[in-house]
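Structure record follows, encoded as structure tokens.
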Amino acid sequence: MKKTYLSIVFLFVAMSISAQTSMTAQEAAIKIADRILASTTYDFKDKKTGEIYTSLKDAPFTMDMVVNSIYTDWHYTNGVTNIALMELSDKTGDKKYDEYVLKNMNFVFNEGNLEYFKRQFDESYAAGGWRAVPGHSWHMIFRGKRLDDNGPMGASLIELQKKYPDDSFLDYINKTNEHLLYAEPRLEDGTIARLWPHVNTIWADDAFMAISFLSRMGEFTGDNSYFDDAANQILSYTKYLWCPEKQLYYHCYHTDTQENGVAHWSRANGWVFMAQADLLSRMPKDHPMRDAIIENFKQQARGVAHYQGANGLWHQVLDKVDSYEEVTGTAMFVFGMAKGVKEGWLSQDFIYVADQGLKGLLTKISDDGDITAICVGTGISPSETYYYNRPTEINGPMGEGPVLRALIEMIDAPKYTEIRADDQYDKIVVKK
């Protein structure tokens with residue numbers, strides 16, 4: 001009897017969370033953002049003892065100390081969320097979202113906390129190498145070996161630096177720049193590639209991991225070479241990852257076997273789409289590669305639109321309707337299409353696709369600003385079953401930034417209109 005009661009309670013809670021909100025895009029964005037702000041703490045926890053510390057200045061050193069909030073940890077997902085929150089500030093005029101991002105970055109760089117976690121990192125690395133460091137808070141700051149470590153977080157710091165200049169922020173931006181230009185693995189043609197799961201595997205995800213930073217660095221410095229690099233990445237990714245038959249991107253390409261991965265994963269396609277929108281938003285109008293990127297963006301928009309589901313959502317594996325409906329890819333497509341229509345890169349017809357996507361997203365957002373159907377972090381696998389079976393979570397950082405960006409872009413999106421037949425009949429001359 002007790003087990004049955006608990007099952008009924010769990011089912012009720014799950015149904016409540018997944019119930020469609022009646023909020024507008026702006027109301028939903030504010031509700032999600034305010035939930036994030038309210039739930040963020042600026043303290044530390046000893047995982048072994050459970051003790052909470054509000055400062056590390058007098059805290060005993062232990063390898064078990066961690067930051068106590070996922071939103072103050074250092075991860076590329078928080079970079080996307082920080083970008084979204086600053087965009088929400090710009091859209092609404094409410095500076096509390098800018099100030100939140102500033103508070104988070106000061107917590108990392110300017111309150112004496114870095115040194116504590118640097119000691120953890122150094123001692124773990126000395127004892128066990130790279131495999132020993134991932135359990136420590138902010139280890140990605142010190143590792144700096146991959147775009148996941150520094151790309152989107154560095155991109156968000158560029159946006160913050162423009163509003164609140166700070167030497168410590170600028171120093172990290174410069175370190176990220178140094179890594180991306182000179183240390184990040186690339187193929188001979190300059191395409192960014194990872195050294196796993198095969199040597200020199202191209203990941204669609206890295207379109208955003210790199211271009212989020214490159215495009216903002218180009219705007220920040222006025223140096224067109226950043227736009228050149230970003231545009232070349234997009235066109236190279238299309239060369240290696242685009243599937244003409246499906247009109248979608250594969251998740252990866254293995255250069256050693258010269259084979260694509262098995263899946264047209266939704267979020268991977270979303271990363272490419274969002275990266276192109278970020279690039280075009282910042283690229284000079286007279287850049288010689290701009291037209292090629294716009295055509296590439298149009299091509300992807302047309303392809304993606306074919307796979308939108310009846311509920312406005314896209315599936316976890318885009319061409320597999322028996323895979324679950326997923327919000328991160330959906331959000332990135334809505335963001336890109338709304339941005340594309342407003343900027344004139346896409347036909348106004350695509351706002352209908354974006355609007356249907358918004359309706360789908362709102363079915364996954366509760367009135368409390370909780371987001372469901374977020375696919376957890378996902379690597380590359382040689383089996384499509386892997387993508388089918390990735391778990392989903394509620395309010396995961398993987399989803400909050402993309403969903404916020406989509407909602408913010410839809411706040412002032414135009415309404416879909418079409419030419420009415422009745423208004424055109426007089427233009428048709430019937431010869432008698």
Side-chain angles (χ1 to χ4, degrees), residues 75-76 79-80 130 140-158 172-221 223-243 249-261 265 267-280 282-283 287-290 292-293 296-297 300 377-382:
H75 197 263
Y76 69 86
V80 183
W130 295 116
M140 289 183 174
I141 296 177
F142 313 119
R143 185 174 64 185
K145 290 289 184 180
R146 52 194 291 195
L147 287 172
D148 287 3
D149 293 350
N150 49 33
M153 287 298 278
S156 71
L157 275 174
I158 292 173
Y172 187 82
I173 291 167
N174 288 333
K175 288 179 180 177
T176 300
N177 183 60
E178 185 80 9
H179 169 80
L180 204 153
L181 295 184
Y182 304 112
E184 182 67 24
R186 296 177 182 238
L187 306 182
E188 288 186 6
D189 65 5
T191 307
I192 289 170
R194 303 194 196 192
L195 303 181
W196 60 90
H198 294 199
V199 174
N200 291 333
T201 294
I202 300 169
W203 294 52
D205 316 47
D206 285 341
F208 186 78
M209 302 305 146
I211 291 169
S212 61
F213 184 84
L214 288 171
S215 61
R216 287 172 174 81
M217 200 66 178
E219 183 181 52
F220 185 53
T221 64
D223 184 344
N224 270 351
S225 67
Y226 291 102
F227 296 117
D228 297 343
D229 193 6
N232 281 320
Q233 293 304 320
I234 287 296
L235 299 180
S236 292
Y237 276 46
T238 300
K239 178 178 72 174
Y240 289 111
L241 302 176
W242 184 251
C243 175
Y249 286 97
Y250 286 101
H251 190 187
C252 73
Y253 177 78
H254 301 301
T255 62
D256 57 347
T257 61
Q258 298 185 343
E259 294 176 329
N260 287 109
W265 182 39
R267 189 154 69 219
N269 278 260
W271 287 129
V272 178
F273 202 52
M274 190 160 69
Q276 292 184 85
D278 273 10
L279 173 56
L280 288 170
R282 293 162 177 82
M283 199 178 210
H287 191 281
M289 300 178 74
R290 182 177 178 83
I293 300 303
N296 199 81
F297 185 73
Q300 189 182 7
T378 297
I380 285 172
S381 172

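What you see is a predicted model, and the numbers here were worked out from it, not measured in a lab.
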Worksheet item: Short question: side chain of Asp206, backbone of Ile202 - any donor-acceptor pair under 3.5 Å?
Response: no
Item to complete: Return the set of residues passing ring-ring contact (aromatic ring centres under 6.0 Å, His included) with His198 (not counting sequence neighbours), or none when no residue passes.
Response: His254
Discussion item. Is it the case that the side chain of Asp149 and the backbone of Lys145 share a donor-acceptor pair, with hydrogens and angles ignored and the cut-off at 3.5 Å?
Written reply: yes
Discussion item. Looking at Lys175, I want to see if its NZ is surrounded by more than 12 non-hydrogen atoms of other residues, nucleotides or ligands under 6.0 Å.
Written reply: no
Discussion item. Side chains of Asp278 and Ser212 only: does a donor on one sit below 3.5 Å from an acceptor on the other?
Written reply: no
Worksheet entry | Phe213 vs Leu147 side-chain heavy atoms within contact, under 4.5 Å | no
Worksheet entry | Results of ring-ring contact (aromatic ring centres under 6.0 Å, His included) for Tyr237 - residues two or more places apart only | none
Practice prompt. Examine the side chains of Thr255 and Tyr240 and answer whether a donor and an acceptor come within less than 3.5 Å of each other.
Written response: no
Worksheet entry | Sequence neighbours excluded - salt bridge (Lys or Arg N to Asp or Glu O under 4.0 Å) pairs with any residue from residues 176-188 | Arg186-Asp229
Discussion item. Test your reading of the model: is there a side-chain donor-acceptor pair from Ser236 to the backbone of Asn232, 3.5 Å cut-off?
Written reply: yes
Worksheet item: Given the rule in the salt bridge (charged side-chain N to carboxylate O under 4.0 Å, His left out) test, do Lys239 and Asp189 qualify, once you have shown the distances and angles that lead to the verdict?
Response: CA-CA 12 Å; Lys239 178 178 72 174; Asp189 65 5; 3.3 Å; yes
Worksheet item: Between Tyr76 and Phe208, does the ring centroid distance fall short of 6.0 Å?
Response: no
Fill in: Heavy-atom donor-acceptor pair, Arg282 side chain to Gly218 backbone, under 3.5 Å
no
Worksheet item: For residues Tyr226 and Asn177, is any side-chain donor paired with an opposing acceptor at under 3.5 Å?
Response: yes
Worksheet entry | Heavy-atom donor-acceptor pair, Arg194 side chain to Trp203 backbone, under 3.5 Å | no
